[in-house]
Structures are given as C-alpha cells and as structure tokens.
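Just so it is clear: chains get the letters A, B, ... in the order the sequence lines come, proteins before strands, and each one is counted from 1.
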Amino acid sequence: MTYSSDFLQRLETRGFIHQITDPGALDAAASKGPITAYVGFDCTAPSLHIGNLVSIMMLRHLQQAGHRPIVVMGGGTTKIGDPSGKDEARQLLTDDQIRANMASIRRIFERFLTFGDGPTDAIMVNNDEWLSQLQYIPFLRDVGRHFSINRMLSFDSVKLRLDREQPLSFLEFNYMIFQAYDYLELNRRYGCTLQMGGSDQWGNIVNGTDLIRRIDARDAFGLTTPLITRADGAKMGKTAKGAVWLHEDQLPHFDYWQFWRNTHDADVGKFLRLFTDLPLDEIARLEALPGAEINTAKAVLATEATALCRGREAAAAAAATAQTTFAEGGAGEELPQFAVGAPVTIVDALIGLGFAASKNEARKLVAQGGARIDGEAAGNDGVLVNPGQKVSAGKKRHGMIVSM
RNA sequence: GGAGGGGUGGCCGAGCGGUCAAUGGCAGCAGACUGUAAAUCUGCCGGGUUUCACCCUACGUUGGUUCAAAUCCAACCCCCUCCA
C-alpha cells in the first residue's frame with residue numbers, strides 16, 4: 001500500500017503499520033494539514049523499555065512529518081490497571097509513585113520529541129487531569145450508555161480472564177471505558193484525531209473512535225503497530241536479565257549499545273528501519289552487506305539507536321569502548337569497574353563486577369575457562385587480580401579492576 | 001455446601017518411603033566452531049566451603065509417624081473439575 005501523506009508513507013515503508021481504522025480517510029487528513037495524534041503510556045515503572053520504543057519512534061516520525069504529537073501519561077489509568085495480557089490484577093500504585101515515575105519518563109521523551117507551544121510541538125498530558133474529576137452518575141449517563149456489556153465481554157482482554165475463570169475486578173473491567181474516554185477528551189481539548197498504539201491496543205482504540213463518533217459525531221482514527229519479534233521468535237526487548245530500559249539510571253549506555261550490537265543478522269534491516277532515523281536507501285545498503293560484514297551494519301544500528309535515546313556523545317563513547325575492547329582486545333573507558341584497595345581473587349573480582357551472582361558461579365566460570373584476566377584464562381580461583389587489569393567473563397562481558 | 005484432582009527448582013513437567021539437590025524439556029551461563037550472529041556439538045545450571053568430598057537450605061504452610069519423607073498421616077491455605 002502506498003500513501004500520499006508523508007507521515008503514513010514513512011510509517012509504511014519503515015514497517016510501523018499493522019492496522020488502520022480508515023486508511024484512506026486518515027491519509028487524506030494527514031495530507032491536508034497538521035493532525036494531532038497521541039499514544040498512551042502507562043507509568044507503572046520509572047522508566048520505559050524497548051517495548052515502548054516503537055510507539056516513541058512513531059511519535060517522532062509524526063512530528064518530523066509536520067504533525068503534533070501528544071504523549072498521554074496514564075496517571076489516572078495507572079490507578080486502575082490494564083487487564084490486557086495479564087492473568088492477575090496489577091498492583092496499585094500510590095499518587096506519589098505515579099508522579100515520580102512520570103517525571104522520570106518525561107526525560108526520555110525529551111530526547112525523541114521537541115516539546116513546546118508551537119503548532120507541531122509535542123505536549124505531554126496526564127489523563128488523571130480529567131479522569132479524577134469524573135462524576136459517577138453523569139459519567140454513566142453520558143458515556144456508560146454507549147458501552148454494551150455484551151461487546152465488552154467479547155474483548156480478548158476480558159474474555160481471556162473469564163475463560164480461564166481468573167478474577168477480573170469491576171475496577172479493571174472499567175479500564176477500556178476510561179481509555180476510550182481519554183480519546184474523547186483529547187479530541188475535544190486538542191482536536192486529536194488519531195490514537196496509535198501496539199496491536200494489543202486495537203480493541204481499546206476502536207472503542208475510542210466509536211465513542212467519539214457516537215457522542216460528538218466526529219471522525220477519529222486509530223493505528224496500531226505490529227508486535228515486534230526477533231528472528232528467533234522471541235519477543236523484542238526481553239533479555240534474561242530483564243527489560244532493556246531506556247533510562248540510563250537503569251541500564252548503562254554501554255549495555256544499551258551492546259544490546260543493539262548483538263541483534264540477530266536477520267533483524268538488522270528491520271531494526272534499522274524501526275529504531276533509527278537513517279534514510280531507507282542507506283539501510284538497504286547496510287542490510288545487504290554479505291557475511292561477516294553485516295557486523296558493520298550492527299555497529300551502525302547500535303550507535304544510531306543509542307544516539308537517539310542516550311545522545312550522540314554517549315553513543316560514540318560506547319562505540320569506541322566496543323571497538324577497543326572487542327576489536328583490539330584492549331579495555332575501553334565505558335566498561336564496568338570494580339574498585340579495590342588491594343589485589344583480590346578472580347572470584348571476588350567477578351562478583352564485584354556483577355558477572356557472577358555467587359562464589360559458586362564465579363568458580364564455575366573459572367573452571368570452564370570463561371574467566372580471563374587481561375585476555376588470558378585464569379588458571380584457578382585463587383589467582384589474584386590487580387588494579388589496572390581487565391577481567392572478562394565469557395566473550396562479551398568485560399570489566400576493569402581499578403584502585404580505590 | 002458435597003465429591004474428586006492438584007500445588008515440585010526461572011518456566012513446563014516427572015518422581016510418590018531410603019540409591020533425591022530431585023529424570024526430561026525450555027530458558028540461562030560457559031567452552032568449541034564463527035563474525036561480539038544464527039545453527040550445531042560439549043559442559044554447567046540452589047547456596048557455602050579446605051570441591052573427585054563435606055555442610056546448609058529446598059518439593060504450598062504447620063505439625064506428626066519413621067532409623068529415614070518431595071514421597072505416609074492430620075490440619076490449614078490456594079488452584080482445577082464435576083454435583084448442589
């Protein structure tokens with residue numbers, strides 16, 4: 001499918017589009033002039049992770065194409081908890097936790113979007129602003145009447161729980177109503193005519209467009225992105241160590257860079273399109289690199305993706321560290337460090353650097369030849385390591401011992 | 001409320017008085033081969049120590065029987081199926 005609007009054409013060619021409620025009409029609207037679109041984010045954690053990155057990039061493209069992005073923080077809906085994909089109710093957060101999380105998340109968005117008061121500047125709003133003002137009876141009369149229980153029961157998020165006879169509280173059951181109401185409110189306040197989100201949000205999004213049509217008789221659109229999976233079928237962004245966080249407090253720059261560097265061959269092109277701003281012809285060239293040369297493309301992916309989220313400088317530093325550490329066998333500046341007062345055993349060094357969770361684990365690393373000091377296998381667990389030496393666990397984890 | 005079935009290591013899932021830190025699979029870690037990839041093969045995969053060994057903690061919870069329990073008994077909690 002090809003679109004006449006720059007915005008949709010961009011999304012389409014870069015692999016962002018899964019479903020659109022009315023592609024033709026949305027394309028026409030986006031061609032005619034600036035539109036306002038939003039994505040909702042929940043703020044149950046102080047940072048977003050890679051799973052949110054597709055939506056963030058989509059907002060970035062929206063803005064670059066001359067439209068206005070709204071970031072909706074689910075301060076109000078976080079108080080309820082989205083039942084989608086969960087067997088059990090989420091833990092409820094206090095107002096203070098929510099506020100702190102929102103402040104922290106905002107800093108991530110400022111890297112990707114330009115905020116301000118201009119016509120295409122991004123704004124961030126908290127749906128708690130209107131949700132907590134709602135009056136129960138009027139809300140039921142004005143909004144509740146448009147929702148049929150029959151239909152709500154048919155939604156996957158609800159059906160799944162009911163089929164498994166898992167408890168679904170009334171509180172959570174209301175989640176989809178509030179999300180639909182958000183859209184109505186944003187449409188009224190900001191003339192927002194497009195809600196975007198992951199494919200799991202399709203039902204919620206459609207509820208919103210329906211509600212706007214029923215109450216205000218206006219057209220609004222919905223767009224969802226495909227679920228991004230890796231070539232081996234695993235869900236994107238989950239590693240054994242947990243989520244890949246966008247916030248540097250939760251994941252060092254170097255580790256973030258490394259995450260992208262270790263992308264599977266088959267995913268390089270896809271990820272370059274989704275997670276960098278590189279032009280498509282450049283990406284086409286990179287993903288076509290044969291054999292081992294694909295590593296060049298991975299390094300570009302890592303640096304570009306890191307630059308977006310962490311800044312160009314941090315990306316360059318991470319890339320330089322990777323270069324000296326992996327390609328030259330040296331030790332880059334960004335490696336994790338472990339400060340000691342006196343020489344320590346290799347076992348303690350591995351634990352100190354966070355490469356082993358217990359002494360047993362560290363000993364096993366040594367026994368299997370995975371522990372190295374300055375590139376040489378550590379002979380036994382009693383070997384001492386001095387400040388200034390590089391300690392490695394396996395081929396990918398490297399750290400420096402420094403003096404206090 | 002009644003009748004059955006079940007709760008085991010990150011997950012799935014065997015075991016059903018000693019030989020069980022517990023088969024197998026997945027995930028993970030390390031080694032080999034490579035390209036900081038994939039696939040494959042090999043080893044590891046609760047914690048501690050003086051590591052071909054020993055100690056501690058673990059099979060829903062709490063007690064009990066026994067020389068000995070994940071395995072038997074009792075009570076309790078939770079889940080599932082069927083009946084009311």
Write down the distance separating the [atom1] atoms in [N] and [M], rounded off to the nearest Å.
N: C33(B); M: A37(B); atom1: C1'; value: 13 Å
N: G6(B); M: C55(B); atom1: P; value: 34 Å
N: G28(B); M: G15(B); atom1: P; value: 28 Å
N: C78(B); M: A27(B); atom1: P; value: 36 Å
N: A39(B); M: A32(B); atom1: C1'; value: 14 Å
N: C73(B); M: C16(B); atom1: C1'; value: 15 Å
N: C45(B); M: A30(B); atom1: C1'; value: 10 Å
N: U23(B); M: U8(B); atom1: C1'; value: 13 Å

**Q.** Atom of A371(A), atom of I346(A) and distance for their closest heavy-atom approach
**A.**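 Shortest heavy-atom contact: CB-CG1, 4.3 Å.
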
For the residue pair [X] and [Y], categorise the inter-ring angle as parallel (less than 30°), tilted (30 to 60°) or perpendicular (more than 60°).
X: F41(A); Y: F109(A); value: perpendicular
X: W257(A); Y: F254(A); value: parallel
X: F178(A); Y: F139(A); value: parallel

Q | Pairs flagged by ring-ring contact (aromatic ring centres under 6.0 Å, His included) wherever residues 302-325 of chain A is involved - sequence neighbours left out | A |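 Checked against ring-ring contact (aromatic ring centres under 6.0 Å, His included) - neighbours excluded - no pair reaches residues 302-325 of chain A.
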
Q: Measure from CG on N380(A) to P on U49(B) and round the result to the nearest Å.
A: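 Checked: the CG to P distance equals 15 Å.
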
All pairs passing side chain to side chain donor-acceptor pair (under 3.5 Å) where [range] contributes a residue, at least two apart:
range: residues 351-368 of chain A; result: none
range: residues 114-124 of chain A; result: none
range: residues 308-326 of chain A; result: H253(A)-R310(A), E304(A)-R312(A), Q323(A)-E328(A)

Q. Among pairs that include at least one residue of residues 252-274 of chain A, which meet salt bridge (charged side-chain N to carboxylate O under 4.0 Å, His left out), considering only residues two or more places apart or in two chains?
A.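 Qualifying pairs: D265(A)-K298(A), R273(A)-E287(A).
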
Q: Could you identify which residues of residues 350-365 of chain A place a heavy atom less than 4.0 Å from some atom of RNA chain B, listed by residue number, or say none?
A: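 S358(A), K359(A), N360(A), R363(A), K364(A), L365(A), in order of number.
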
Q. Going by number, which of residues 303-318 of chain A have a non-hydrogen atom under 4.0 Å from RNA chain B?
A.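 Heavy-atom contacts with RNA chain B come from no residue of residues 303-318 of chain A; none.
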
**Q.** Heavy-atom protein contacts under 4.0 Å, nucleotides 31-41 of chain B, coded B base, S sugar-phosphate only, - none
**A.** SSBBBBBS---

Q | Residues in side chain to side chain contact (heavy atoms under 4.5 Å, CB included) contact with A284(A), at least two apart in sequence or another chain | A |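 None.
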
Q | F115(A) six-ring face occupied by R106(A) cation (under 6.0 Å, within 45°) | A |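 Because its charged atom sits under 6.0 Å from the ring centre and within 45° of the axis, R106(A) does stack over F115(A).
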
**Q.** Residue list, ring pair (Phe, Tyr, Trp, His ring centres under 6.0 Å) with F147(A), at least two apart or on another chain
**A.**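 Ring pair (Phe, Tyr, Trp, His ring centres under 6.0 Å) list for F147(A), sorted by chain: empty.
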
Q) Residues two or more places apart in sequence or in another chain: which of them pass side chain to side chain donor-acceptor pair (under 3.5 Å) with R14(A)? A)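 Counting only residues at least two positions away or on another chain, R14(A) forms no side chain to side chain donor-acceptor pair (under 3.5 Å).
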
Q. In dot-bracket form, how is RNA chain B paired, counting a Watson-Crick or G-U wobble pair only if both its distances are under 3.5 Å and using | for bases paired to another strand?
A. ((((((((.[[[..)..(.....]]].(((((.......))))).((((...))))...[[[[[..)....]]]]]))))))).

Q: Inspect the contact between K390(A) and E376(A) and indicate whether a charged nitrogen and a carboxylate oxygen are less than 4.0 angstrom apart.
A: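 The answer is no: the pair does not qualify as a salt bridge.
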
